[in-house]
Amino acid sequence: MLNKTFKSPYQTYGFQFKGEQQESVAGIYSLGWEKKLKQSEYDWDGMKRKEIGKVIFQYTLNGRGQIDIAGKTYELNSGDAFLVNLPSEHRYYLPEDSEGWEFIFITLYGKEALKCYEIIKEAVGHIIHLDSSSRPVTHVFNVLEKAASSNLQDAYQSSEQSYSFIMKLTRHVLNSDNESWPKSVQKAILFIRQHYNKPISLEDIVKVTGMSKYHFTRLFQTSTQITPMKYVTKIRMEEAIKLLKNQNLTIDEIAYEVGYANGNYFNKVFRSFFGVSPGKYRNGETFLQFDHIVTD
């Protein structure tokens with residue numbers, strides 16, 4: 001992804017440009033591409049750092065990291081990113097049982113960066129899955145290349161690049177499924193992604209669109225090729241297979257985390273969806289595990 005400017009890809013850059021537009025819009029505080037192999041050398045507590053008013057985006061390229069946010073633990077594998085602000089209740093680190101963690105990161109500041117951070121957090125939370133070819137990820141690589149080749153030299157360029165990144169990330173998150181879908185369908189999908197871990201009905205989804213149940217259901221299925229409630233199940237199952245990677249969580253706990261009242265019903269839905277029980281899926285000896293679900 002980067003040109004020959006990089007003798008080694010693992011570099012970290014700090015920026016101290018002067019310019020009021022960085023505070024009022026957005027600016028880059030730090031930027032880097034790193035690989036960590038020892039737990040003792042990578043452990044950041046968001047309540048103990050001295051940086052204030054910063055937004056951190058970190059994207060996993062290879063290996064595995066971990067982040068704790070407000071009492072919940074998330075595993076970070078290839079394609080997983082996190083977005084947090086400073087200060088806040090989080091801690092990200094290399095777990096003891098990980099063989100390494102390779103990632104890129106960009107730390108931003110400024111009013112617009114913080115505003116977009118709140119929008120993204122409200123829409124999808126702190127954890128975001130992105131393809132390596134997605135615009136936000138390729139933008140970070142492009143900025144890294146500019147920094148390595150000394151083409152990022154003043155506050156104006158820093159503000160331009162940081163604002164462009166946070167806009168691309170916000171646009172990707174809010175329109176991640178398909179920008180051509182009707183606004184009512186996009187609203188419904190956003191509602192589902194925000195509330196899949198709670199009991200939600202078709203009536204709840206329809207309510208946020210302002211349409212009749214008949215017309216909405218027909219429009220949703222025409223746009224997505226799937227019914228609204230089957231889409232809810234799809235999102236729940238995608239989240240479930242992520243959580244099943246965490247051996248510390250019981251099946252009942254995972255069921256609750258993805259919106260089911262008990263493990264028995266979750267087992268039934270999971271088996272119907274995948275043809276195998278959650279326990280056997282977690283075992284992984286006779287079933288190929290995957291990260292995304294495509295349905296008809």
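Start at 1 with the first residue, then count along the sequence.
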So, the side chain of Q161 versus the backbone of S158: is there a donor-acceptor pair under 3.5 Å, distance only?
no
Find out whether F220 and S184 are in side-chain contact, i.e. whether some heavy atom of one side chain is under 4.5 Å from a heavy atom of the other.
no
Is there a donor-acceptor pair under 3.5 Å between the side chain of T224 and the backbone N or O of I226?
yes
In terms of side-chain heavy atoms, does T73 have a donor or acceptor partner in Q66 at a distance below 3.5 Å?
no
What residue pairs, at least two apart or across chains, pass salt bridge (Lys or Arg N to Asp or Glu O under 4.0 Å) with a residue in residues 75-91?
D43-R91, R64-E75, D68-R91
ring-ring contact (aromatic ring centres under 6.0 Å, His included) test vs F103 passes for just one of Y42, F57, Y92, F82, namely Y42
Charged N to carboxylate O under 4.0 angstrom, E238 versus R236?
no
Can you see which heavy atom on L169 is nearest to which on P136, and at what distance?
CA-CG, 3.8 Å
Say whether S201 and D204, considering side chains only, have a donor N or O and an acceptor N or O under 3.5 Å apart.
yes
Under a 3.5 Å distance rule, please check whether Y196 uses its side chain to pair with a backbone N or O of T233 as donor and acceptor.
no
Is there a donor-acceptor pair closer than 3.5 Å between any side-chain N or O of D131 and the backbone N or O of S133?
no
Would you check if F191 and I189 make a side-chain contact, meaning some heavy-atom pair closer than 4.5 Å?
no
So for atom CD, which belongs to E122, do other residues, nucleotides or ligands contribute more than 12 heavy atoms lying within a distance under 6.0 Å?
no
Please check if the number of heavy atoms outside E96 that lie under 6.0 Å from its CD is greater than 12.
no
Validation row: Q39, P95 side chains within 4.5 angstrom (heavy atoms):
no
Quick one: CD1 on I192 to NZ on K187, what's the gap to the nearest 0.5 Å?
14.5 Å
Any F15 side-chain heavy atom under 4.5 Å of L152 side chain:
yes
Is a side-chain N or O of S78 found less than 3.5 angstrom from the main chain of L61, in a donor-acceptor match?
yes
Under 3.5 Å donor-acceptor, H126 side chain and V84 backbone:
no
Using a 3.5 Å distance criterion without hydrogens, assess whether the side chain of T12 forms a donor-acceptor pair with backbone atoms of G32.
no
Which residues share a side-chain hydrogen bond (donor to acceptor under 3.5 Å, both in side chains) with K168, sequence neighbours left out:
H139
Find out whether E34 and Q11 are in side-chain contact, i.e. whether some heavy atom of one side chain is under 4.5 Å from a heavy atom of the other.
no
Can you list every salt bridge (Lys or Arg N to Asp or Glu O under 4.0 Å) pair that touches residues 211-225, not counting sequence neighbours?
E203-K213
For the backbone of N62 and the side chain of T60, can you confirm whether one donor and one acceptor N or O come within less than 3.5 Å of each other?
no
Would you please say whether a donor-acceptor pair under 3.5 Å links the side chains of N151 and S149?
yes
Distance-only donor-acceptor hits, side chain of residues 110-120, under 3.5 Å, sequence neighbours excluded:
{"from": "Y117", "atom 1": "OH", "to": "N85", "atom 2": "OD1", "distance (Å)": "3.0"}
{"from": "E118", "atom 1": "OE1", "to": "K121", "atom 2": "NZ", "distance (Å)": "3.3"}

Does any part of the side chain of F105, heavy atoms only, come nearer than 4.5 Å to the side chain of W33, both counted from C-beta?
no
Is the shortest side-chain heavy-atom distance between N246 and I254 below 4.5 Å?
no
Check whether any side-chain N or O of N283 sits under 3.5 Å from a backbone N or O of G279 as a donor-acceptor pair, and report yes or no.
no
Using every non-hydrogen atom in the two residues, find where Q153 and F17 come nearest and quote the distance to one decimal.
O-CE2, 3.3 Å
Mind checking side-chain contact (heavy atoms from CB on, under 4.5 Å) for K54 and listing every partner two or more places apart, or none if nothing turns up?
Y29, E51, L86, T107, Y109
From CA spacing to verdict: side-chain contact (heavy atoms from CB on, under 4.5 Å), E160, Y156:
CA-CA 6 Å; E160 177 187 8; Y156 298 101; over 6 Å; no
Minimum side-chain heavy-atom gap I106-V140 below 4.5 Å:
yes
Between atom CH2 of W44 and atom CD of Q58, what is the distance when rounded to the nearest 0.5 Å?
10.5 Å
Table please: side-chain donor-acceptor pairs of residues 259-276 below 3.5 Å, with sequence neighbours left out.
{"from": "N262", "atom 1": "OD1", "to": "N264", "atom 2": "N", "distance (Å)": "3.2"}
{"from": "N262", "atom 1": "OD1", "to": "Y265", "atom 2": "N", "distance (Å)": "2.8"}
{"from": "N267", "atom 1": "ND2", "to": "G263", "atom 2": "O", "distance (Å)": "2.9"}

Determine, step by step, whether I69 and I127 satisfy the side-chain contact (heavy atoms from CB on, under 4.5 Å) criterion, reporting the C-alpha distance in whole Å, the side-chain angles of both residues, the deciding distance to 0.1 Å, and the verdict.
CA-CA 10 Å; I69 303 175; I127 309 301; 4.3 Å; yes
